[in-house]
Amino acid sequence: MFQNRAEGFALALPAAIFAAVIFIVPVIILLSGGMHVNGHWTLSAYTDFFASSLDRLVLWRTLKLGILVTLVAAIIGYASAFAIVSLSPSSRGRMIGIVVLPLMISPVARTYAWLVILGRTGIVNQALMTVGLTDEPIRLLFSQTAVFVGLLQLFLPLMVISLVSALENMPNDVVPAARVLGANWLQIFFKVILPLTREGLVIGGTLVFVGSVTAYITPAILGGSKVLTLVTLLYQRVTIANDLVSASVIALILIVMSFGTNILLRKIATARNRA
Amino acid sequence: MKARLPSYAVLTLLVLFLVGPFFVIVAASFSAGSTLAFPPQGFSFKWVEKVFTVESFQASFALSMFLAIVATFAALVLGVPVSYALSRYRLPLAETVRTIVSSPIIVPGIVVGLALLRYLVVPFGMDITLSLFLAHTALVLPYAVRVVSASLENLRSDIEEAAVLLGSSRIGAFFRVVLPNIRGGILAAFILGFVTSFNQVPVSLFLTGPGVRTLPIDMLGYMERTYDPSVAALSALLAFMSIGIVFIAERFIGFSRYV
Amino acid sequence: QEKTLTISVYAFAQDAYNRILYKPFEEKCGCKLVVETGNSAERLAKMEANKNAPVVDMAVMSMADALTAARRGLVQKIDTSKLDNYDKLYDLAKDPNGDGMSVGYTFYATSIAYRSDKMDIKSWQDLLSDKVVGNIAFPNISTNQGPPALYMLGLSMGTNAPDLKKPIEAVGKHAGDIVTFYNRSSQLVQLFQQGEIWAAPIGRFAWEPISKLGLPIKWAKPKEGQTGGLNVMVVSKGTKNEDLALEFMDFWLSTKVQKDLADALVDSPANKEVKVSDDVAANITYGAETAKNLKLIPAKVDLENRDRWLKEWNADVAQ
Amino acid sequence: MSDHVYLSLEALTLAYGDTVAVDGLDLSIAEGELITLLGPSGCGKTTTMRAVAGLLKPSSGRIMLDGRDVTRLGANKRQVGLVFQSYALFPHLSVYENVAFGLKLKGERGRDLEGHVMEGLKTVGLTQFASRKPAELSGGQQQRVSLARSMVMHPKVLLLDEPLSNLDARLRLEMRTELQRVQRETGVTMIFVTHDQGEALALADRIVLMKGGAVEQIGTPEDLYNRPKSAFVADFVGFENVFAVEDGKLRTADGAVPVSGTVPAGAAALAWRPAMVALGSGPHHGSVRGVSFAGGTREYLLDSSLGPIKAEADAALPVHDLGTTLAFDLPAERAAPLQRYA
Amino acid sequence: MSDHVYLSLEALTLAYGDTVAVDGLDLSIAEGELITLLGPSGCGKTTTMRAVAGLLKPSSGRIMLDGRDVTRLGANKRQVGLVFQSYALFPHLSVYENVAFGLKLKGERGRDLEGHVMEGLKTVGLTQFASRKPAELSGGQQQRVSLARSMVMHPKVLLLDEPLSNLDARLRLEMRTELQRVQRETGVTMIFVTHDQGEALALADRIVLMKGGAVEQIGTPEDLYNRPKSAFVADFVGFENVFAVEDGKLRTADGAVPVSGTVPAGAAALAWRPAMVALGSGPHHGSVRGVSFAGGTREYLLDSSLGPIKAEADAALPVHDLGTTLAFDLPAERAAPLQRYA
Ligand SMILES: Nc1ncnc2c1ncn2[C@@H]1O[C@H](COP(=O)(O)OP(=O)(O)OP(=O)(O)O)[C@@H](O)[C@H]1O
Ligand SMILES: Nc1ncnc2c1ncn2[C@@H]1O[C@H](COP(=O)(O)OP(=O)(O)OP(=O)(O)O)[C@@H](O)[C@H]1O
Ligand SMILES: [Mg+2]
Ligand SMILES: [Mg+2]
């Protein structure tokens, strides 16, 4: 019944054309701007970017934050996902609801809360001092730690959800099968669960990494100008310096990072599966 | 199954970390003090009241609401047919089409906003509101496609054939049989799209004009100039709104299945 | 169709402006005022981006940014004959850049606000002392307060070189300790309130909310003196609402508005007819004498050196 | 049931892209007949049904229904009913509304509609479930709704695509009887797809056995059961020992072997069910590789010089242990003669 | 096969939360025995197997294996093999790696490992598929990989949980023979779960028929087939006509009905297979509601005053049409006497 290709294309085209015109074309023009300086086609903007130690630092910091957030999210994600799938179906649904909930709350509000929590007089410092871990409040705001925590809270739910569904989709009985064949829990995790949930890890990892690397509010509010990331740097380049060329360079780097991660992780997932 | 206790401990910490900040916001919005602090200094409704008196909030709330509804609707109008085509027809370029319509999810929002500003708004003098609408539609499109596709995948295509065999036309079969059965997915896509658009920051960051800014951007701006708890109060109100919507959606369509 | 005037101003004290300036003006002209806020540099960038179809009719800026705007052809000559209050201005406000493209509406001192219970500030150099430096916010180089503050720091270190190399290096050495480099002075209220910082170089216009925090915060009188700046009004080139813009500017410069803004501790008057109480005078930058004593960086110097400063800053501080 | 041709498929070729699934199929069906389409997985049964229903366009060939060429007629105008293997009930509609779906599209309303729907539900014994949703029914009940939904449309032909394969053995038997009853009562022409020969034998007026997209043999159940034409058919209906005949001898693993008795003229091969093998005496010998108890009988798998042989003995007789050598014979007079070996 | 008890379950009770799935089960198995666990869906077969494998902790009772109490021993230390209904192959590993999985955990490497894996694959005839992924195999092949994976571990007991239920009839038969061969060759003790009585009868040394979490009857296939103890067992092994006996008479829909012949002493009920019903003459009458051709025989469903009766007649005899009234008898001497009706 669904053999008529023309019909299928007719249904698919409007959306594809819309996305292409409204979205892909301007982005491509923007990106080409980074190679078109003073009327010449050149890569000088890129060499400038990598020559600037500040720009390199921001790039490295952004990457580092992204990787760190993704790693920690994966670890917490697995622990949480195991806990969630071991619940009864009804509480599992409720728990997933709670995990999803923060995604529905404005990131402005969520980041805002951390400003209070991580402040000198905030709960974290109060707790640390009560416990006696420190006599003086430690400075948490405007640091990479603050940005890290903010990003983690922002994107952890994506990882948890991906891993929960990966665990749920794992074929039945492979864990008991491994157990009966003599594997202990650690061996089961690394030899069976990890490979079989790799897809979910990749999806979650991509979402978390790309989200962290391209987030604006969290680094802007919790990091300020002391913890610039590529996105806040781009924002400054545009709004303060009106430097579109260098903004395009950063934009391209961001896109390469997002797409690159996506493709890379996908590759890893499928390659290891085939091996 | 096995380790009950550790798994409860993990979940408690998780919930605390994910939801805790929200309670801080709520507490702060009922503070009597004039700055954001936790624990709050006293209790009052004054900041909640103030939210309703700030004019720019009213305007930006209206804009964000409008955008979220209209853009999500538009995204569904575009997204449902393409999802249908992708799940029912074996199209030669299916993957390309899928990549195109879902690319807005991968391209960093700030880049999108900048690109639109520079190459649609400035050169063509496009209205900022229109550009926001287009940007948000593009942004919501991938979510719409993903969620609707998922519900279409779960819906057997033979019920359409059954409808046709019972005398229905192809289009009739879609409206009589397919649509009612992916209602939940469409509603979920709508809510997800709504929330995504409503809370969107990076794309809207550059797409502002005098008097035209979305609510989150307006909140950011307000925070930068006035450090009173009214933004907390507003955040809390919005959060309650989102939670309310999601809660109801969860009750009726099992929303979290779709996310 | 109601007429609309779009203005772009600094972000602070919008409540006061709304009450004293915007609302009364809207009533007076029967038009609608659309207000955009941001810092001077952002405004400049935005005006440049929208050069061909200006969105903003009238804007306020720092002197240096106004000069840049003039050089880039973003603003137009101001027909001062249409400003009834023009003659009431202090001379230094009349045409600060000497190109007829801007009119000053307020000047302000920049000094250091500090917690008197935690420290004493006698010199700009005290900011970088070991005890203090871990608890200060310093203005970012891109803000209006950035270069002047650095300049004063330089003076306290015994150099008045316009390249600001030494003070930037000094700040750079402590970059890790300094709490943050702020972009908007309105942020400082929260930082003081939360105990996040104990001291920061700020402009007088941002003083009011800080003074009302109920904390022992003082306005320092460093031995090197205070710096500051003059804020000016400009009109976008090619605006369709020139007359309305001029009407608005004139209203802003009127004695009543200037006085009310001064009384609210928002803007120090540029209108010399404004008389304020001693109490108010102590909390704003009042009078021609005061203005004259401020150690300002001339706009030209600012413009000539800006790229250099930014480079130094990026190399020494931003990382 | 009349003998006049009601539905005919003529040289029907059906393809998915480049894969030809059905190749030049010819088939004539009389009004009121119950045909079963039998064959191994992938032989094109579903494909054929979809073509008859109009869901698939033939690459060539013709479909005539009730004297009319319907080859190019849309599925919604053919008046052909199809009961899907998966039932394909509309999950959002109640049982009543499912059955009413097609009638409403025909324009029926009010009492008429209600009468027809309830009558349909009565036929399948589901009147008391009218207001349930499909998800609240068991598999067998769903299947009956699907049947009722098609039946109330008074289709010219009712196609059933493995409607029983999801059910457990007991329910399957019950539904089978039910289907037969409905067919007898309404006299509708039915094509029933299955890959279970037991089901095909039990149900059909005629069986169409398909192989690789073409018809292998058509006939009554007894025809097929007793007189298979080819080794493929024989194997399908339980002749587990089949040997080609060459010059009056059996072609076996061991070369040409004479057969006891006379090979009927024209037989290309001979086939024996396990029960037809004479166990205990005879010219051949085999050692017992497997035994299994099969209720009244015991089945032996013998390794013989002819190849593996399946033989049956009464379960009341003592068991022969694994490894024992048994004599057996393959008497030609008991065998079914086949027209073709391959 | 020795008679000494190798595996015993003693008063085993197994529960999921509050649901008791298995209730005080007792079972002893000798070394090398092939036991089938037979029973309707939900009777606790899988639960029992999981407990034996160590995947489920008993709420009470004991499991002894090879003279040792293993009740508290972890699943990874029990040396019990389990072939899951779903095969539970590791989809990310090749066939070779699947089979090598357990051996590697034991520390085997190099030539040893390779030798054992290839030997395992040879036993199940899959050496040429070693490098394929499970998804590239047919169901039957997957099942054999799963079997090999368990076998190479030389488990003390091999548990098979409905390993054949996903296969089609033909493959099923083949695999069944294969399993028997492997079991005979290696002498491993096997418990085989099924809900198909044909399979249980064909395979087992002894059948354990379960019902509602407890053992209903244990015995050889012939025991169960010929001497069911209860109506439940009788029904399960194909006695489709079962009537309770009261004062020497049958309790039927029509009240107490005398039976021809003498009821054996102590029989609480009598059961007849369709073939045991004497058709054509006798004191009872039934009208034909359904007929189906079943190969050598024809099965009739009769509506009689005793209730529905299933009877069988040779297919060579002429068919009785629907609605015809037939005489029949239920002779006591042919019936199987049951100890319990319920
Ligand atoms: N949508 C399709 N695209 C391509 N090939 C198909 C498609 N559907 C079926 N085929 C192929 O056509 C042939 C016939 O398929 P069909 O579904 O008619 O078989 P069937 O006899 O119904 O088998 P089964 O008993 O497994 O249902 C098979 O070789 C199959 O692989
Ligand atoms: N995880 C579980 N939680 C709660 N109850 C369960 C669980 N698994 C099984 N049960 C219940 O325990 C009883 C026995 O189940 P079990 O799986 O052992 O049956 P089975 O004999 O294997 O049936 P089948 O033939 O359908 O596989 C059933 O009533 C079932 O509903
Ligand atoms: Mg089929
Ligand atoms: Mg089971």
Side-chain angles (χ1 to χ4, degrees), chain A residues 30 33 48-49 51-62 112 114-126 129 136-147 219-229 232-247, chain C residues 36 38-51 65 68-69 72 74 133-144 146 171-172 174-184 187-188 190-198 215 306-307 310-319:
Chain A
L30 175 76
D48 287 354
F49 181 91
S52 150
S53 60
L54 172 68
D55 292 358
R56 278 202 316 266
L57 176 89
V58 171
L59 172 60
W60 169 232
R61 176 191 292 145
T62 308
Y112 197 45
W114 287 112
L115 214 49
V116 183
I117 297 171
L118 297 178
R120 263 178 99 84
T121 52
I123 312 171
V124 173
N125 265 319
Q126 282 172 22
M129 295 202 309
E136 275 226 347
I138 23 177
R139 188 143 22 81
L140 295 167
L141 283 184
F142 311 115
S143 67
Q144 294 194 36
T145 317
V147 179
I221 296 182
L222 297 179
S225 44
K226 270 188 83 175
V227 190
L228 284 176
T229 62
T232 47
L233 185 67
L234 183 152
Y235 185 74
Q236 285 200 358
R237 289 282 149 86
V238 175
T239 56
I240 292 170
N242 194 29
D243 180 356
L244 258 208
V245 173
S246 114
Chain C
E36 195 181 49
N39 75 25
S40 188
E42 288 171 6
R43 192 141 47 242
L44 183 65
K46 215 163 187 176
M47 281 174 75
E48 189 160 11
N50 292 317
K51 188 168 167 176
D65 287 336
T68 311
R72 296 194 186 156
L74 307 176
V133 73
N135 295 296
I136 66 163
F138 201 86
N140 204 354
I141 190 76
S142 61
T143 64
N144 291 344
V171 170
H174 293 287
D177 301 323
I178 293 171
V179 175
T180 186
F181 298 101
Y182 71 85
N183 285 319
R184 288 182 188 47
Q187 269 178 294
L188 296 172
Q190 165 227 341
L191 295 178
F192 270 113
Q193 191 275 333
Q194 239 173 254
E196 223 63 53
I197 57 167
W198 292 343
L215 293 167
R306 196 167 261 194
D307 285 348
L310 190 65
K311 227 185 211 142
E312 299 268 349
W313 180 272
N314 280 345
D316 292 347
V317 182
Q319 34 195 306

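All values reported here derive from a predicted model rather than from experimental measurement. Within every chain, numbering begins at 1; the chains are lettered A, B, ... in the order of the sequence lines, protein sequences first and strands thereafter.
- Every side chain to side chain contact (heavy atoms under 4.5 Å, CB included) that T121(A) has, sequence neighbours left out, goes to Q194(C).
- Contact annotation for L115(A): both backbone and side-chain heavy atoms come within less than 4.5 Å of a heavy atom of chain C.
- Looking at heavy atoms from C-beta onward, N183(C) lies in side-chain contact with S225(A) at the 4.5 angstrom threshold.
- For V238(A), the part lying near chain C is the backbone, with the side chain staying farther off; criterion is any non-hydrogen pair under 4.5 Å.
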Run the numbers on K46(C) and N242(A) for side chain to side chain contact (heavy atoms under 4.5 Å, CB included), then give the verdict. CA-CA 8 Å; K46(C) 215 163 187 176; N242(A) 194 29; over 6 Å; no
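- A distance of 10.5 Å separates CG in L228(A) from CZ in F181(C), rounded to the nearest 0.5 Å.
- With contacts defined as side-chain heavy-atom distances shorter than 4.5 Å, the pair R43(C)/T239(A) does not qualify.
- K226(A) contributes a side-chain N or O that, together with a main-chain N or O of G176(C), makes up a donor-acceptor pair within less than 3.5 Å.
- You'll find the side chain of N135(C) reaches within 4.5 Å of the side chain of R120(A), heavy atoms only.
- In this structure, the separation between CD1 on I240(A) and CG on N140(C) is 6.5 Å, given to the nearest 0.5 Å.
- The CG atom of L141(A) sits 12.0 Å away from atom CD1 of I197(C), with the distance rounded to the nearest 0.5 Å.
- Side-chain contact between F142(A) and I178(C) is absent, with no heavy-atom pair separated by less than 4.5 Å.
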